[in-house]
K.L.:
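Before I ask anything, let me first share the structure, which is written out below as structure tokens.
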Amino acid sequence: MPWPILWVLGRIPGRGFGLASVLLLPLALLLSACRPEPVADSNEPARQTRASPANQASTVTVSPLDEALGARLAAIERLGPIRPRENDAALLALLRDLKPGSSEWIEVKSLRGNVFAELRATERLEALNGELQAYENGPQQPAVRLAMALLRAQRLQREGKNVLALKSLDLVWQTAEGQASLPLRSRCFSLMAGMLADSGNVEAAIKAGLENLRLAQQSQSSWRRAGSLATLAYVYLRAQQPERALQAGQEGLEQALLDPEPFLMYRVHNARAIVFAELGEAEKAESAGRQTLDFARQTGSPNVLALALGNSADYLMRQGKYPQAMRWSQESLALALQSGDLLSEGLARLNIGLAKIALKQVEEGRREALKAIAMDEAQGQRAAVAEDWRELGGYLERAGELAGAIDAYHRYRLLSDQQLREDSRKAVLELQAGFDDERQAKEIILLDRGNKLKAEQLRARDLQLRLWLALGACVVLLSVFLVLAYQRIRASNRALARSNAELRVQGERDPLTGLANRRHFQSAIKRLADQGKLSGTVFLIDIDHFKRVNDVQGHAAGDAVLVEVARRLRAVLREEDLVVRWGGEEFLIVVDGRQVATANTLAQRLLDQIGREPVSYAQQQIFVTASIGFASFPVAPNALAVSWERAIDLVDTVMYMAKAHGRNRAYGIEAMVAEDDAALALVAARMEAAWHEGAVKLLALHGPSRSEEGGA
């Protein structure tokens, strides 16, 4: 389970003298004396000094907050998570004396957003966003828009949509100093740094964390500096920079001691405990953890103490201290029920359930874990639900409950796949929107060139009427000009076509591995699925223990593993075979062939190719294995044709069976007793039992053992 992070936590370039210039020069000398008066071009902007709307916005500055009011707001922000309802009442009282749309009004509204996010009041967040939107085009436009962006990010983060939340927060980089208050910008950078670190984008996370620290130092507030350093310590840890993480944590503690209070000390010690735990320094982690709990109790906040106990229990679970972890989780659960804190309640119930499974109380533990999953589902926390199913599957697998583990892994796979599809769809829409904008811009350029061409034609006609002596030269000039304009338009069209083609290729390739992505798969599958029915062999490959690689060796090492596995897959397959990066550590292969023996041989080659040699990265040898599910379609023995969605669901199920039965192996479907698609779905839903009953015939293949892996 990942450590929870607390809140706070066009001008055309000159081309030289060409043919048109040579022809124009003598004619210009001839006509200079009788040149007509220039006609104003309607397409040319009038020469005015009035600023554009964009320039006007960029010059808006926020008036500084009143000193006394700023101090009161800082105190509310500092203790926000301890007394959210009391703080909201105080903020409401302050609003009565503030002018709507003013700097102070925006700051108070933004702090109310923090309160609503803490209380998970989504509807109130939406209403608050509407109140701010009424002043979006007012004199404080940048500050209002940034406050709205932070509200959206807080709501999206609570819903598990971190990609969209980060996209909303991008606005803070476009908001210059003086356009929004320092506390508002600091809250944006703090939230952004934590989410970027969790997403693996550590370079951007460090940039945001350092900007947050710069603002904190500028504020000359020791508590804000301490909080920013605590966040930065976590970011450095995710970036595999333990020395800097330790230094930031120590500096954060020193700053907190300048103006100590329980909640600030709790935050700083919590960050230090996370750093020590991740570095394997058990004694220091336990010491920091005890201080975290002590200060959490001193805050007097059931919410803070419940979350602190949940974090500590989570650490104990990692160490295998299940009885103590269960006791602390039960105490956390009692506090969460008392205060109505659904986040801590779900965390406590999940830890209790997993601890009971580890202590061989499997059924009781499963029921408790399912309650926690249901709570996360009710709150719309889809990302958390997927992670809950993954953890439950791991504990059930270690307890020997393979059927339950397979079901949990399958649910995790479906949820993560659904989230990935939504993110992919949004990314494709954004890419298409960018493409449409680029194409429209090029069309505008071409239209502008066309307008200029028409203007030149009118001038040429006027010269023909007034200067009959130059008629022949004008005809030649006009012809040359038309030819050049025509050539330029054709060149522009060719460049536009090339950019469209390049954009299409880029949109269908995974930037890390160079493999096809899901967008390419959607178009390529048509040639293998006649009228929606798949014909061929499908392999679904999942790298074993990939999360461990990211957690231990770092995300850069994980990327190196993905790139190398992709290279090894291409080395085995033919040019015409379809290889897709299907998810984070998953790959999909579709082969236009239906011979069972050929499929079995290829599956064994894939296992051997992936697992025989370790991946070399930064003087490390990373041993990699994979779990594979595969099947040929139509399905034997009745040659039952299925859709490509059903085919992928079937190989996904047997792939998780391979994972639950020990990993580093492949399970292939040789036959399924089913007359139609409905019967096939029923058999697939109980694949493990159907296999043992003989309704499904599976082939099990094993990858190379460690002794075969590069001689290790």
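Excluded from the calculations below are hydrogen atoms, water molecules and symmetry mates; all remaining heavy atoms, backbone and side chain alike, are included.
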K.L.:
State which residues pass salt bridge (charged side-chain N to carboxylate O under 4.0 Å, His left out) with Lys284; sequence neighbours excluded, sorted by chain then number.
P.N.:
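Salt bridge (charged side-chain N to carboxylate O under 4.0 Å, His left out) check on Lys284 returns Glu281.
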
K.L.:
Does Asp551 have any side-chain hydrogen bond (donor to acceptor under 3.5 Å, both in side chains) partners at least two apart in sequence or in another chain, and if so, which?
P.N.:
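Expected list: Lys547.
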
K.L.:
Under a plain distance cut-off of 3.5 Å, with no hydrogens placed, do Glu251 and Gln247 share a side-chain donor-acceptor pair?
P.N.:
yes

K.L.:
side-chain hydrogen bond (donor to acceptor under 3.5 Å, both in side chains) with Glu86: which residues, sequence neighbours excluded?
P.N.:
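None.
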
K.L.:
Just grab all the ring-ring contact (aromatic ring centres under 6.0 Å, His included) pairs involving residues 168-221, residues at least two apart or on different chains.
P.N.:
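Qualifying pairs: Trp173-Phe189.
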
K.L.:
Can you tell me if Thr231 uses its side chain to pair, donor with acceptor, with the backbone of Gly227 under 3.5 Å?
P.N.:
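Here the side-chain-to-backbone pair exists.
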
K.L.:
Under the ring-ring contact (aromatic ring centres under 6.0 Å, His included) definition, can you give me all pairs with a residue in residues 90-127, not counting sequence neighbours?
P.N.:
Trp105-Tyr135

K.L.:
Under a 4.5 Å cut-off applied to non-hydrogen side-chain atoms, are Arg297 and Leu309 in contact?
P.N.:
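Heavy-atom side-chain distance check passes, below 4.5 Å.
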
K.L.:
Considering the options Glu368, Gln361, Glu364, which one meets the side-chain hydrogen bond (donor to acceptor under 3.5 Å, both in side chains) requirement together with Lys356?
P.N.:
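Testing Lys356 for a side-chain hydrogen bond (donor to acceptor under 3.5 Å, both in side chains) against Glu368, Gln361, Glu364 leaves exactly one candidate, Glu364.
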
K.L.:
Does any non-hydrogen side-chain atom of His269 lie less than 4.5 Å from one of Phe295?
P.N.:
yes

K.L.:
Could you tell me whether the side chain of Thr292 reaches within less than 4.5 Å of the side chain of Asn311, counting heavy atoms only?
P.N.:
no

K.L.:
Give, for atom CG of Leu229 and atom CG of Asn212, the distance between the pair rounded to the nearest 0.5 Å.
P.N.:
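Between atom CG of Leu229 and atom CG of Asn212 there are 9.0 Å.
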
K.L.:
Might you point out which heavy atoms bring Ala308 and Ala296 nearest each other, and give the distance in Å?
P.N.:
CB-CB, 3.7 Å

K.L.:
Quick check: closest heavy atoms across Ala560 and Tyr617, and the distance to 0.1 Å?
P.N.:
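Shortest heavy-atom contact: CB-CD1, 3.7 Å.
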
K.L.:
Ignoring hydrogens, what is the shortest heavy-atom contact between Ser329 and Ala348? Give both atom names and the distance.
P.N.:
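Scanning both residues completely, I find the closest heavy atoms to be O-CB, 3.4 Å.
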
K.L.:
Please name the pair of heavy atoms, one in Met317 and one in Ala355, separated by the smallest distance, quoted to 0.1 Å.
P.N.:
CE-N, 3.6 Å

K.L.:
Measuring only between side-chain heavy atoms, which start at C-beta, is Gln298 closer than 4.5 Å to Met265?
P.N.:
no

K.L.:
Using the side chain to side chain contact (heavy atoms under 4.5 Å, CB included) criterion, which residues pair with Thr299? Sequence neighbours excluded.
P.N.:
Ile82, Pro262, Phe263, Ser301, Val304

K.L.:
Check whether any side-chain heavy atom of Asn351 lies under 4.5 Å from a side-chain heavy atom of Met326, and answer yes or no.
P.N.:
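No, their side chains stay 4.5 Å or more apart.
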
K.L.:
I'd like to know if the side chain of Ser228 and the backbone of Arg224 have a donor-acceptor N/O pair within less than 3.5 Å.
P.N.:
yes

K.L.:
Please report the interatomic distance CG(Leu182) to CD(Glu177), rounded to the nearest 0.5 Å.
P.N.:
7.5 Å

K.L.:
Quick one: side chain to side chain contact (heavy atoms under 4.5 Å, CB included) partners of Pro323, sequence neighbours excluded?
P.N.:
Arg327, Leu359

K.L.:
Any side-chain heavy-atom pair from Gln140 and Ser103 closer than 4.5 angstrom?
P.N.:
yes

K.L.:
Could you tell me if the side chain of Leu293 sits less than 4.5 Å from the side chain of Ser312, heavy atoms only?
P.N.:
yes

K.L.:
Taking the side chain as everything from C-beta on, heavy atoms only, tell me whether Gln174 gets closer than 4.5 Å to Leu146.
P.N.:
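Gln174 does not reach Leu146 side chain to side chain.
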
K.L.:
With sequence neighbours left out, write down each residue that passes salt bridge (charged side-chain N to carboxylate O under 4.0 Å, His left out) with Arg112, or none if nothing qualifies.
P.N.:
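By the salt bridge (charged side-chain N to carboxylate O under 4.0 Å, His left out) rule, Arg112 matches Asp88.
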
K.L.:
State, to 0.1 Å, how close Val235 and Ala193 come at their nearest heavy-atom pair, and which atoms those are.
P.N.:
CG2-O, 3.8 Å

K.L.:
Residues two or more places apart in sequence or in another chain: which of them pass side-chain hydrogen bond (donor to acceptor under 3.5 Å, both in side chains) with Gln218?
P.N.:
Arg214

K.L.:
I'd like to check the salt bridge (charged side-chain N to carboxylate O under 4.0 Å, His left out) partners of Arg225; sequence neighbours left out, ordered by chain and number.
P.N.:
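In terms of salt bridge (charged side-chain N to carboxylate O under 4.0 Å, His left out), with neighbours along the sequence ignored, Arg225 is linked to no residue.
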
K.L.:
Does a side chain donor of either Glu397 or Tyr409 reach within less than 3.5 Å of an acceptor in the other side chain?
P.N.:
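Yes, side-chain donor-acceptor contact under 3.5 Å.
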
K.L.:
Do the charged groups of Lys207 and Glu203 touch, with an N to O distance under 4.0 Å?
P.N.:
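Result for this pair is no, no salt bridge flagged.
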
K.L.:
Please report the closest heavy-atom contact between Ala233 and Ala245, naming both atoms and the distance.
P.N.:
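Result for this residue pair: O-CB, 3.3 Å.
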
K.L.:
Could you work out, with side-chain hydrogen bond (donor to acceptor under 3.5 Å, both in side chains) as the rule, every residue matching Glu126, not counting sequence neighbours?
P.N.:
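Here the qualifying residues are Arg155.
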
K.L.:
Kindly write out the residues that satisfy salt bridge (charged side-chain N to carboxylate O under 4.0 Å, His left out) with Glu286, not counting sequence neighbours, or none if the list is empty.
P.N.:
Lys321

K.L.:
Does a side-chain N-to-carboxylate-O contact under 4.0 Å join Arg187 and Glu107?
P.N.:
yes

